[in-house]
Amino acid sequence: MTVEVETTTVRGEPADSGRDFASLRLIEALTGPATPDEVRDAVSEAVAPHPVTAWHTDESPDGTPRTVALRIAGHHVRLVWEPAAPARHRTLDPVVPEPALWRTAVLADVTEGAQLPAPVREIVEAVRERTDRLTHAEVDALWSAMPLLRHFAHRGPEIGDWALVFRDHYVENSVGFLLAAERAGIPREWIYALAKGDRTAGRHRVHAWFRARGYRSDVLDNSVIDGTALGQEVPAARRVGADVDRFIAAAHRAGRRVLVIDDGGLLARGPGSVRLVSEPVDAVVELTVSGLKRIGSGPPPAVPVFNVARSQLKSLLSYEEIADSCLRRLRELVPGQKFIGRRVVAVGFGTLGARLARRLRSLGCRVTVVDQDTLTLIQAAEQGFETEPTLNAALRRCSPFLVTGSTGEPLLRAEDLPLLPDGVLLAGFATKDFSLLSTGGAGLPESTLTGVGARYRLPGGGLATLLGDGRSLNLFEYEGIPNSGYDAYRAGTLIAVRELCRRAAALAPGVHVREVDEAVRDAGLFETYYETYVADTPPGQAQGRGRP
């Protein structure tokens, strides 16, 4: 609903505007491709429930709003627009021509440091959501970058009567996946997207596009499920969990079955052994090993769970892209650091950790591998790595400039802190790796390094820097993986979704991986992947070789 307000259009400033707006202060300045008209309309919708009087509209000669002034619920608010200089493209795949950008400044008569009144806060949120939203051209660009996903997104009978709860990182390839799920048959009003709480670079833009598309969109923070949440994160997660429960119940009342696609164990128990989402669902696709561990630690699943985390698709294709993004993000965060010839301790030599260790060694680093599993240590040693069974033992033997983690479990303990060398960098690629520091459990003095991480004063007086925010470093203020790099993984997940929905009633409850591998193979994904990304195509023969 759009509120109808009385407006006065003037050329230039009204005579009395100085008296009424001199006390306004800048609340927010946001830049995006949304035009002043689009932002003004979004704000009008947001403030519809409140008593609003339009003060004035100041237009440029071409009719574009330059300022809009409102009195809302007793507060003066002013929006001011000006063209913004072109910036580095805002998405992974550049859009040509680049969209024109506008800077929207929101000013209000609110005392500095005071909490924003609800109407003013809603105006700021409306501006942010409209300026953040991905444009049609940007979505077209990311969709074009995922030819495998497009190829397998045809409409079919398998999922048309399902509702979907999708919990993953808010990155561009997640936009591609949900668009594919929608085109495959799930109505947009029956899609509920949940962010994991990571500070991915484009999370606000993804959220804004999801909402504009008609999906539900919110955050269900991983830290709550991990038991490392701070402040208001737990009550916020409970509120979102209750809303997801209502969504599931509504879907069932409408005769729909409900599928959960999760990256990290949405069905696991949260704090106090209370499930964040208690309404029963009909099928689950789990994307991570940590999620499988959480599911396995509770009662046996009552529904079929497709194990994409340990499928051939993820193990053999996707982890190479993940490891590549981890190392790229690490080096970007510390561009002044020398890597060649220096000592690194890599904790965890699993599917991701082994790839990271090999990449670091290929840079010229001297890598010591730490893992609790003896057979894994044997494999690492026979690949030429130095090995230790614990981080403590490794720190007693060497002095690394970098410690990496990929275990998904707390790897740093209080007794390890005095052994960390002065100036050490800590890079965690799974949420819990350095949770002793990120949750404040170590009680060490801390200072923030904006855009880099946090620095801690160690018990011996030295300094350690935790890169990122204590979560997966490749997703810290970063998009992560190229859209084409995750194309096969998203396409394979969609194939698995179709198969699970088709067979859900006949499959036994529990975790299934063989069915995932068979569905992906039978669909011909690997052959299409090879033809699209790997095979050398002679000039003039780019078409007709199985390319989507």
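Quick note: residue numbers are just sequence positions, from 1.
- Salt bridge annotation for Arg514-Glu518: present, with a cationic side-chain nitrogen under 4.0 angstrom from a carboxylate oxygen.
- For Arg128 and Glu28, the salt-bridge test passes: some basic side-chain N is under 4.0 Å from an acidic carboxylate O.
- Residues Leu149 and Leu494 meet the side-chain proximity criterion, which asks for heavy atoms closer than 4.5 Å.
- Because its NZ or CZ atom is not both nearer than 6.0 Å to the ring centre of Phe476 and within 45° of the ring axis, Arg471 does not count as a cation-pi partner of that residue.
- Defined by atom type and a distance below 3.5 Å, a donor-acceptor pair is missing between the side-chain atoms of Glu388 and Thr390.
- With sequence neighbours excluded, the residues satisfying salt bridge (Lys or Arg N to Asp or Glu O under 4.0 Å) with Asp161 are Arg257.
- No salt bridge links Asp168 with Lys196; every basic N to acidic carboxylate O contact stays at or beyond 4.0 Å.
- Taking 4.5 Å as the limit, every side-chain heavy atom of Trp190 sits out of range of all side-chain heavy atoms of Leu164.
- For the ring-ring contact (aromatic ring centres under 6.0 Å, His included) test, residues two or more places apart in sequence or in another chain that qualify with Tyr489 are Tyr486.
- For the pair Arg358/Phe385, a side-chain contact is recorded, criterion being any heavy-atom separation below 4.5 Å from C-beta on.
- Applying the ring-ring contact (aromatic ring centres under 6.0 Å, His included) rule to Trp143 yields no partners; only residues at least two apart in sequence or on another chain are considered.
- Annotation: side-chain contact (heavy atoms from CB on, under 4.5 Å) contacts of Gln372 (sequence neighbours excluded): none.
- Every side chain to side chain donor-acceptor pair (under 3.5 Å) that Asp93 has, sequence neighbours left out, goes to Asn483.
- Between the side chain of Asp282 and the backbone N or O of Val258, at least one donor-acceptor pair lies under 3.5 Å.
- Salt bridge status for Arg239 with Asp243: absent, with no side-chain N to carboxylate O gap under 4.0 Å.
- With a 4.5 Å cut-off on side-chain heavy atoms, Phe349 and Thr387 do not count as touching.
- Val206 pairs by the side-chain contact (heavy atoms from CB on, under 4.5 Å) definition with Tyr170, Val175, Phe210, not counting sequence neighbours.
- For the residue pair Arg328 and Tyr478, a side-chain donor N or O sits within less than 3.5 Å of a side-chain acceptor on the partner.
- Checked for salt-bridge contact, Arg502 and Glu158 miss the test: no charged N lies under 4.0 Å from a carboxylate O.
- For Thr135, the side-chain contact (heavy atoms from CB on, under 4.5 Å) partners at least two apart in sequence or on another chain are Pro33, Ala137, Glu138.
- Residues passing the side-chain contact (heavy atoms from CB on, under 4.5 Å) test with Asp140, sequence neighbours excluded: none.
- Side-chain contact between Leu402 and Val424 is absent, with no heavy-atom pair separated by less than 4.5 Å.
- For Arg329, the salt bridge (Lys or Arg N to Asp or Glu O under 4.0 Å) test picks out Glu332, with sequence neighbours left out.
- Donor-acceptor pairing under 3.5 Å is lacking for the side chains of Ser406 and Asp433.
- Side-chain contact of Thr351 with Arg310: a donor-acceptor pair under 3.5 Å is absent, judged by distance alone.
- Not one N or O on the side chain of Thr368 forms a donor-acceptor pair closer than 3.5 Å with the backbone of Val345.
- Put simply, the side chain of Asp416 gets close to the backbone of Arg413: a donor and an acceptor are under 3.5 Å apart.
- Without hydrogens or angle criteria, Glu409 side chain to Lys432 main chain gives no donor-acceptor distance under 3.5 Å.
- Side chain of Arg203 to main chain of Thr200: a donor-acceptor pair is present (N/O by atom type, distance under 3.5 Å, no hydrogens or angles).
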Kindly determine whether Arg211 and Glu129 satisfy salt bridge (charged side-chain N to carboxylate O under 4.0 Å, His left out), including the steps that lead there.
CA-CA 9 Å; Arg211 282 175 49 87; Glu129 188 160 313; 2.7 Å; yes

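- Counting non-hydrogen atoms of other residues, nucleotides and ligands closer than 6.0 Å to NE2 of His136 gives a total of 12 or fewer.
- Screening Glu45, Glu38, Glu125 for a salt bridge (Lys or Arg N to Asp or Glu O under 4.0 Å) with Arg130, the sole residue that qualifies is Glu38.
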Could you check Arg216 against Ile191 for side-chain contact (heavy atoms from CB on, under 4.5 Å), going step by step and ending with a plain yes or no?
CA-CA 6 Å; Arg216 288 173 173 83; Ile191 295 177; over 6 Å; no

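- Salt-bridge annotation for Glu320 and Arg359: present, with a side-chain N of the basic residue lying under 4.0 Å from a carboxylate O of the acidic one.
- For Asp487 (side chain) and Leu148 (main-chain N/O), a donor-acceptor pair under 3.5 Å exists by modelled atom type.
- In this structure, Arg167 and Asp263 have side chains that are not in contact, with every pair of non-hydrogen atoms separated by 4.5 Å or more.
- Take Arg253 and apply the side chain to side chain donor-acceptor pair (under 3.5 Å) test, not counting sequence neighbours, and it matches no residue.
- Here the side chains of Asp245 and Ser278 are in contact, with some heavy-atom distance below 4.5 Å.
- You'll find the side chain of His512 stays beyond 4.5 Å of the side chain of Val305, heavy atoms only.
- With sequence neighbours left out, the salt bridge (Lys or Arg N to Asp or Glu O under 4.0 Å) criterion links Arg199 to Glu477.
- Counted by atom type alone, Ser472 and Asp198 present zero donor-acceptor pairs between their side chains at under 3.5 Å.
- A donor-acceptor contact closer than 3.5 angstrom is absent between the side chains of Asp132 and His204.
- Sorted by first and then second residue, the side-chain hydrogen bond (donor to acceptor under 3.5 Å, both in side chains) pairs involving residues 179-189 (not counting sequence neighbours) are Glu182-Arg188, Glu182-Arg213, Glu182-Tyr215.
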